[in-house]
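These notes are about the structure you will find just below.
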Protein chains: 2
Amino acid sequence: MPKQMLRQPKPPRPTNAEFQILRVLWQRGPSTVRDVHDALDRTKPVGYTTVLKLLQIMIEKSLVRRDASTRSHVYAATASEAATRRQMVTDLAKRAFGGSTVRLVLHALAATPATAPELDQIRKLLDEKKKGEP
Amino acid sequence: MPKQMLRQPKPPRPTNAEFQILRVLWQRGPSTVRDVHDALDRTKPVGYTTVLKLLQIMIEKSLVRRDASTRSHVYAATASEAATRRQMVTDLAKRAFGGSTVRLVLHALAATPATAPELDQIRKLLDEKKKGEP
DNA sequence: TCTCATGTACGAAGCTGTTCGTAGCTACAC
DNA sequence: GTGTAGCTACGAACAGCTTCGTACATGAGA
């Protein structure tokens with residue numbers, strides 16, 4: 001019997017360093033460790049094996065999968081950027097707003113400066129939602 | 001020049017356990033360790049000294065202050081619930097949405113089901129914002 | 001074929017967050 | 001005055017995250 005629990009359908013929310021890697025994968029598509037490392041290293045110096053180790057951990061968490069058929073394994077994010085962000089928003093809503101995303105939105109809006117076009121954009125989205133679910 | 005940076009005016013974002021304690025303090029007002037412990041213990045068993053230790057750490061982080069004039073010290077949150085939540089929203093926006101709270105809102109709205117009254121509430125807030133900052 | 005640049009695997013250290021046990025102090029009841 | 005319940009302080013254990021050094025494998029070029 002494996003010690004590991006049965007694979008959850010939802011991968012856990014990524015940590016900070018993991019999220020940085022995911023951003024590279026979303027932007028570049030399937031990439032090697034070297035690809036990811038070079039991209040990250042430009043912003044902030046980081047060791048090659050650090051990125052490698054992270055990616056190995058992320059496999060265990062099912063945050064990425066990899067194609068090991070070539071010498072340089074190729075990694076890809078398992079979840080889409082949108083789904084991951086949604087997960088992160090949901091997490092914050094659960095943690096700080098009793099699970100209500102709407103309450104989160106209200107707080108966020110009230111506390112942030114926004115330009116008129118931005119407000120219109122939000123309004124437009126509201127209209128679509130209202131139309132979509134009457 | 002001191003090695004230590006000058007105290008930041010903004011206390012850091014609370015961790016999970018710290019946030020649980022803050023919620024009790026916001027709800028009850030200034031409280032003793034026992035007060036906080038009893039409140040938390042009802043939801044999820046936790047040791048008394050665990051709460052004490054957390055509160056001591058939170059003092060170092062300036063998340064709470066305390067009145068030590070009585071035998072049982074009395075703790076109070078330094079930041080308001082609204083300010084703390086705003087901070088947490090800002091953090092998520094910075095981490096996942098390039099610092100744009102508006103983008104966070106758009107994503108959150110698009111990904112969550114909302115009732116018509118909730119949507120109206122958001123619309124109302126938008127109207128107020130537009131009026132307030134023309 | 002042999003070398004070495006480049007790849008993966010893995011252990012471990014340093015840090016933070018969380019939990020709790022233990023020690024020691026003190027006000028209050030008796 | 002003395003005992004004890006209840007308080008604070010503190011150290012330490014454990015887990016997760018992040019970083020990197022080292023060991024080992026291997027394919028490609030001389």
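Chain letters run A, B, ... following the sequence lines, proteins first, then strands; residues in each count from 1. The analysis underlying the following values was restricted to heavy atoms, covering all of them including side chains, and did not include hydrogens, waters or symmetry mates. It should be emphasised that the depicted structure is a prediction, and the values quoted were computed from it without experimental measurement.
A donor-acceptor distance shorter than 3.5 angstrom exists from the side chain of Thr84(B) to the backbone of Ser80(B), with no hydrogens or angles considered. Asp67(B) places no side-chain N or O within donor-acceptor distance of the main-chain N or O of Val74(B), the cut-off being under 3.5 Å.
Within the 4.5 Å cutoff, no side-chain heavy atoms of Arg66(A) are placed close to those of Leu55(A).
Under 4.0 angstrom from either OP1 or OP2 of dA9(D) there lies at least one side-chain N or O belonging to Gln56(B). Within the structure, a side-chain polar atom (N or O) of Arg34(A) is placed less than 4.0 Å from OP1 or OP2 of dG7(C). Taking only side-chain nitrogens and oxygens, Arg13(B) never comes nearer than 4.0 Å to OP1 or OP2 of dT16(C). Close to dT8(C), at under 4.0 Å from its OP1 or OP2, lies a side-chain N or O of Tyr48(A).
Between the side chain of Arg71(B) and the base of dG6(D), a donor-acceptor pair under 3.5 Å is found. Scanning atom types as modelled, one donor and one acceptor separated by under 3.5 angstrom connect the side chain of Thr49(B) and the base of dG21(C).
The CD1 atom of Ile21(A) sits 13 Å away from the P atom of dC17(D) (whole-angstrom rounding). Remark: P of dA9(D) and CG of Leu54(B) are 14 Å apart, rounded to the nearest angstrom. Protein atom CG of Asp35(A) is 9 Å distant from nucleotide atom P of dG7(C), rounded to whole Å. Rounded to an integer number of Å, the gap from CE of Met58(B) to C1' of dT8(D) is 17 Å. Nucleotide dC7(D) holds its P atom 10 Å from the CG atom of Leu52(B), rounded to whole Å. Whole-Å rounding puts the Gln20(B) CD to dG17(C) P distance at 15 Å. Ile59(A) places its CD1 atom 12 Å from the P atom of dC10(C), with the value rounded to the nearest Å. Tyr75(B) has its OH atom 6 Å from the P atom of dA9(D), to the nearest Å.
A donor-acceptor pair shorter than 3.5 Å cannot be found between the side chains of Thr90(B) and Gln87(B).
Between Asp120(A) and Lys130(B), the closest heavy-atom pair is OD1-NZ, 3.3 Å.
Of all nucleotides listed (dT18(C), dG21(D), dT18(D)), dT18(D) comes nearest to the side chain of Asn16(A). When the nucleotides dT19(D), dT8(D), dT18(D) are ranked by their closest atom to the side chain of Val33(B), dT8(D) comes out on top. Proximity note for Ala17(B) (side chain, C-beta onward) versus dT18(C), dG17(C), dA9(C): the nearest is dT18(C).
Comparing Thr50(A) and Lys53(B) against DNA chain D, the residue whose closest nucleotide sits nearer the 5' end is Lys53(B). Each of Val51(B) and Thr32(A) lies near DNA chain C, and the nucleotide nearest Thr32(A) is the one positioned closer to the 5' end.
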